[in-house]
*Asks:* 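Mind having a look at this structure? Questions to follow.
Throughout, a chain's letter reflects where its sequence line sits, starting with A, and its residues are numbered from 1.
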Amino acid sequence: MRNADGFDECYRSTSRRLLSYAYALTGDWAQAQDLVQETYLKAWRQWSRLSEYEDIEAWLRLVVSRLATDAWRRLARWRKVLRLSHPLEHTVAGPSEQTVLLTRALAALPPGQRQAIAMHYLMDLSVNRIAEELGTSPNTIKSWLARGRAALAAALADKPDSPMIAISSLGCDLP
Amino acid sequence: MKEFFDQLRDEAEQRELPQPAEVRARGDRRVARRGAAGAFSLAVVMAGGFIAARPLFHEPPSVTADRVSSAGPHMSAPETIAVPNVVGLSRSEATTVLQQQGFKVQVMAASPPPSGSPQAGKVRQQDPVSAKLIPSETTVTIWVDGPQEPGRVCADKYPKQLATTLFVKADTEICYADVDPLTTISESLPVPCPPSVLPSESLIEDRRGFTAVFEEIVEKVRFPTVLDQTISKYKGTGAKDYLTELAGDITRCKSVMRSGARIAYSIVAQSQQDMLGDQSLLIDVERRHATKPEGGPQIANFRVLVVRTGLYVIVVYDKGWEGNGSLPGTILDTAREMLRRLTVSPSPSR
């Protein structure tokens, strides 16, 4: 039997983080919200099995990544359906200029680099953990992160008066 | 770099996400729809005969409780699941869907509504309402509109000689006399300006239609959806006139209030040759309910595809599922197939 309380607790503690991750991958809040909802729908469907996992968030992240990379187009109908049946209140302002700049810069990165950067900065995962989840070596991840950060720094620094201009030594703070 | 990501995180905190209970309810409903799809198709085919074979209810709800079944999966402790929406389904369809979820079903006869035409044999109300989380094995009560006489004859006067094979699926025959365009929102043909009758109506030689459940696959999951298919055969210029008059009425009336909902029609595409047949019209029908209806969205959009070929007019009216429209491809493919069959063999034999 599925434990609704366990699911609710997991949802409350992980959904916001997952939303920021989904946004970093897609660059669109509405799409990110859809992906996150879809991910938790899947999670609830198999919650009795999933609740036994040690790291449920890793599973959720994997689903979001997959949906974001190759399945989101198929969600187009569900986006419409969910909006019609449960319209979101658009009381929140659009993304800030800073966030728009960041997502544009992220969108220009190769998918692997983008994912690694998002996992590192938004999910606070170590290089080893990212490597494990993405099925590659820690050295590759280090390289992706370094290249990704360099590319982001360059893209963000192009913006006049951007705080990124001042950030020259971009986070060599890898664990 | 970190401050950019911190800002993103802050914005994520402000974004709307549904409550976890809502997500669970939605997930349960999706599973219910998927589970119901197969059984539902079968149930719809059987529903006509089943309902016709047993008289429905004549007494008020308080005295006609009819315990249908207590069947449900055996569990040591009942699981909490969301109640599926069965309003609008026939008694047998609703019973099948509910039982499949492990609920017990109690059927009551609904009293005639103060206004409007009841949909004979259809569930008008349910308790608990859809999406409510309750333990399985709980009894769900449904109120079914009645009465429906066994062997009841439809009051419309069309000869109905058009072959059933012209329709892609022929689950339940449509009775055009059952729909009052002034009160009923569940129409099989668009009526943008009720009660006005189009002049081309007088040129109809025959008209026949079927409601059918189709299957759609979204994300590898099968979902049911409902389409009404109508074929009308006209005399003289009737078919051509119908499309012209319909387009004219849509422009003239824009929207109409029926049963607490504002129905707005708009033409999405109009073609003399390019789309389908000799002439075609793609219409959007928006239903905007004053209050959110049980188990469905407050604003729902459906498409109607009207295709003329010679003296015939095909109308595929999307009914969707739980207030959600069908996929455009389902509507188009259905119309295309009907057109093909009509072109190959429009013979008026049964």
*Asks:* Heavy atoms only, distances under 4.5 angstrom: which of B/Arg9, B/Arg24, B/Gln7 has the most pairs with chain A? Name it, please.
*Replies:*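 Of the candidates given, the most pairs with chain A belong to B/Arg24.
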
*Asks:* Taking salt bridge (Lys or Arg N to Asp or Glu O under 4.0 Å) as the definition, give me every residue that meets it alongside B/Asp10, ordered by chain and number, with sequence neighbours left out.
*Replies:*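 In terms of salt bridge (Lys or Arg N to Asp or Glu O under 4.0 Å), with neighbours along the sequence ignored, B/Asp10 is linked to no residue.
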
*Asks:* Determine the option with the most heavy-atom pairs under 4.5 angstrom with chain B, choosing from A/Leu122, A/Leu19, A/Leu106.
*Replies:*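 Top count of heavy-atom pairs under 4.5 Å with chain B: A/Leu122.
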
*Asks:* Can you label the angle between the A/Tyr23 ring and the A/Trp29 ring as parallel, tilted or perpendicular, going by 30° and 60°?
*Replies:*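 It falls in the parallel class, under 30°.
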
*Asks:* I'd like to check the side chain to side chain donor-acceptor pair (under 3.5 Å) partners of B/Ser266; sequence neighbours left out, ordered by chain and number.
*Replies:*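 Scan of B/Ser266 (side chain to side chain donor-acceptor pair (under 3.5 Å), adjacent residues dropped) gives none.
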
*Asks:* Indicate yes or no: at least one non-hydrogen side-chain atom of B/Lys319 is less than 4.5 angstrom from one of B/Thr211.
*Replies:*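 With C-beta onward as the side chain, the pair stays apart.
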
*Asks:* Please classify the contact between A/Tyr40 and chain B as side chain, backbone, both or neither, with a heavy-atom cut-off of under 4.5 Å.
*Replies:*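 Both backbone and side chain of A/Tyr40 come within 4.5 Å of chain B.
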
